[in-house]
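Note that the structure is a prediction, hence the values are computed from the model and not measured.
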Amino acid sequence: MTVYESTISNIQRLPEPMIQEVNDFVEFLISKRMPVENIESDFPDYLRNLEEYENILARGEVAW
């Protein structure tokens, strides 16, 4: 059995909350290896979300 197969097999035996933890950790590992260009490509989405949040604050729908 390869490491990949063994890992998948182990993950399949975990309860759902632990699978989420594994997924979070895998995403963390991937993010550590992402080139800066990939991170910067998400910046327009970040700005759009930030602008929407500011609009919600301005309308008084969320309090600080």
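Taking the salt bridge (charged side-chain N to carboxylate O under 4.0 Å, His left out) definition, one finds that Glu21 meets it with nothing, sequence neighbours left out. By the side chain to side chain contact (heavy atoms under 4.5 Å, CB included) test, Glu52 pairs with Asn55, Ile56, Arg59, sequence neighbours left out.
Note on Ile30: it clusters hydrophobically with Ile19, by side-chain heavy-atom contacts below 4.5 Å among ILVMFWY residues. The hydrophobic clustering, which links ILVMFWY residues whose side-chain heavy atoms are closer than 4.5 Å, places Ile8 and Val26 apart.
Counting non-hydrogen atoms of neighbouring residues, nucleotides and ligands closer than 6.0 angstrom, the CD atom of Glu5 exceeds 12 such neighbours.
At distances below 3.5 Å, not a single donor-acceptor pair connects side-chain atoms of Glu27 with backbone N or O atoms of Asp24.
Distance check: Arg48 CZ to Leu50 CG gives 12.0 Å after rounding to the nearest 0.5 Å.
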When the side chains of residues 9-18 are checked against the rest of the protein, which donor-acceptor pairs come out under 3.5 Å, sequence neighbours left out?
| residue | atom | partner | partner atom | Å |
| --- | --- | --- | --- | --- |
| Asn10 | ND2 | Ser6 | O | 3.3 |

